[in-house]
Trainee: 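Questions regarding the structure given below will be posed in turn.
Keep in mind that this is a model prediction, so the values were computed, not measured.
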Amino acid sequence: MLDHMAVRSDVRAHDAPADYTSSFRANAACARELARLYDEIAASLSGARVPADAKVVEEPPVVRRSPARCLVQLGPVALTVAWLQRAQGTVADGELLVVVWRGEVAVRTPQGFERAHQHSGATSATALWETVLVVSAQSETQWGWAPAGGGGEALSSAALAHRCVERLRAAHAECAP
């Protein structure tokens with residue numbers, strides 16, 4: 001009796017990761033993972049200790065966050081982590097851009113009656129290292145950040161935060177006076 005009906009093969013069942021990251025459920029999971037990533041970065045920086053033989057006490061890192069980006073200024077270097085996605089897109093359309101900079105990215109706000117235009121010596125920042133990552137997830141519990149071009153294993157948000165802070169500290173060691 002159903003001989004004349006076409007049976008649709010479930011193509012989506014064969015592409016489970018793309019199916020999940022293309023769903024709107026993944027957007028909420030992505031927001032939680034970005035918050036986890038930013039929390040891990042901030043926690044890694046707050047645990048930094050000043051060596052006993054340090055002659056100059058550095059200012060604490062400046063951490064600025066929004067839902068889609070995290071910016072850390074650590075002395076002469078900075079780290080930016082930005083989630084780039086189309087306005088109505090899905091997680092599958094997004095990319096995570098991670099850049100370590102030499103120079104000031106988090107401009108300190110003037111205090112009191114000072115005006116920003118009165119400050120001189122502002123320089124532009126130069127990118128020292130960057131990577132682009134995409135979501136590699138079949139579900140929220142299997143979330144990972146993988147290199148955009150493939151060819152690398154996916155990292156958890158905690159492992160990615162650790163790698164980002166390592167790169168930032170290496171750049172700081174190279175650029176510190």
Trainee: Would you say Gln85's side chain and Thr90's backbone share a donor-acceptor pair under 3.5 angstrom?
Mentor: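 Judged by distance alone, yes, a pair lies under 3.5 Å.
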Trainee: Show the numbers, then the answer: is there a side chain to side chain contact (heavy atoms under 4.5 Å, CB included) between Thr80 and Val100?
Mentor: CA-CA 7 Å; Thr80 56; Val100 174; over 6 Å; no
Trainee: Nearest 0.5 angstrom please: Ser136 OG to Trp145 CH2, how far?
Mentor: 11.0 Å
Trainee: Less than 4.0 Å between a side-chain N and a carboxylate O, is that true for Arg32 and Glu140?
Mentor: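 Salt bridge present between Glu140 and Arg32.
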Trainee: Ignoring hydrogens, what is the shortest heavy-atom contact between Cys175 and Leu128? Give both atom names and the distance.
Mentor: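 Heavy atoms only, the tightest pair is SG-CD1, 4.2 Å.
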Trainee: For a 4.5 angstrom cut-off between non-hydrogen side-chain atoms, does Trp101 reach Leu79?
Mentor: no
Trainee: Would Glu33 and Arg36 count as a salt bridge (charged side-chain N to carboxylate O under 4.0 Å, His left out) here? Give the steps.
Mentor: CA-CA 5 Å; Glu33 285 298 322; Arg36 185 173 292 134; 2.3 Å; yes
Trainee: Any side-chain heavy-atom pair from Leu71 and Val105 closer than 4.5 angstrom?
Mentor: yes
Trainee: What distance separates Leu37 CG from Cys70 SG, expressed to the nearest 0.5 Å?
Mentor: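 Output value for this atom pair is 7.5 Å.
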Trainee: Counting C-beta onward and ignoring hydrogens, is there a side-chain heavy-atom pair between Val132 and Leu84 closer than 4.5 Å?
Mentor: no
Trainee: Quick one, Trp143 and Thr21 - any side-chain contact, counting heavy atoms below 4.5 Å?
Mentor: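 No. Closest side-chain heavy atoms not under 4.5 Å.
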Trainee: Quick one: closest heavy-atom pair of Pro61 and Leu45, and the distance?
Mentor: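 Heavy atoms only, the tightest pair is CG-CB, 4.1 Å.
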Trainee: If the condition is salt bridge (charged side-chain N to carboxylate O under 4.0 Å, His left out), which residues does Arg65 pass it with, not counting sequence neighbours?
Mentor: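 Here the qualifying residues are Asp39.
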Trainee: Find out whether Val165 and Arg169 are in side-chain contact, i.e. whether some heavy atom of one side chain is under 4.5 Å from a heavy atom of the other.
Mentor: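 Val165 vs Arg169: side chains touch.
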Trainee: Evaluate the side chain to side chain contact (heavy atoms under 4.5 Å, CB included) criterion for residues His162 and Glu40: first the C-alpha distance (whole Å), next the side-chain angles of each, then the deciding distance (0.1 Å), finally the verdict.
Mentor: CA-CA 8 Å; His162 180 70; Glu40 289 285 337; over 6 Å; no
Trainee: Taking all non-hydrogen atoms of both residues into account, name the closest pair between Val99 and Glu130 and its distance.
Mentor: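 Here Val99 and Glu130 meet closest at CG2-CB, 3.8 Å.
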Trainee: In Å and rounded to the nearest 0.5 Å, what is the CZ to CG distance from Arg69 to Leu34?
Mentor: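 Taking CZ in Arg69 and CG in Leu34, the distance rounds to 11.5 Å.
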Trainee: Please examine the side chains of Tyr38 and Val72, heavy atoms only from C-beta on, and report whether any two atoms are closer than 4.5 Å.
Mentor: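 No, their side chains stay 4.5 Å or more apart.
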Trainee: Where is the tightest heavy-atom contact between Val134 and Pro147, given as atom of each residue plus distance?
Mentor: CG2-O, 4.2 Å
Trainee: Rounded to the nearest 0.5 Å, what separation is found between the CZ atom of Arg25 and the CG atom of Asn27?
Mentor: 11.0 Å
Trainee: Is a side-chain N or O of Ser23 found less than 3.5 angstrom from the main chain of Tyr20, in a donor-acceptor match?
Mentor: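 Confirmed, Ser23 side chain pairs with Tyr20 backbone.
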Trainee: Judged by atom type as modelled, is there a donor-acceptor pair below 3.5 Å linking the side chain of Glu95 to the main-chain atoms of Leu97?
Mentor: no
Trainee: Can you give me the closest heavy-atom contact between Ser139 and Thr141, atom names plus distance?
Mentor: OG-OG1, 3.0 Å
Trainee: For a quick test of reading the model, state the closest non-hydrogen atom pair linking Val135 to Trp83 and the distance between them.
Mentor: CG2-CH2, 3.8 Å
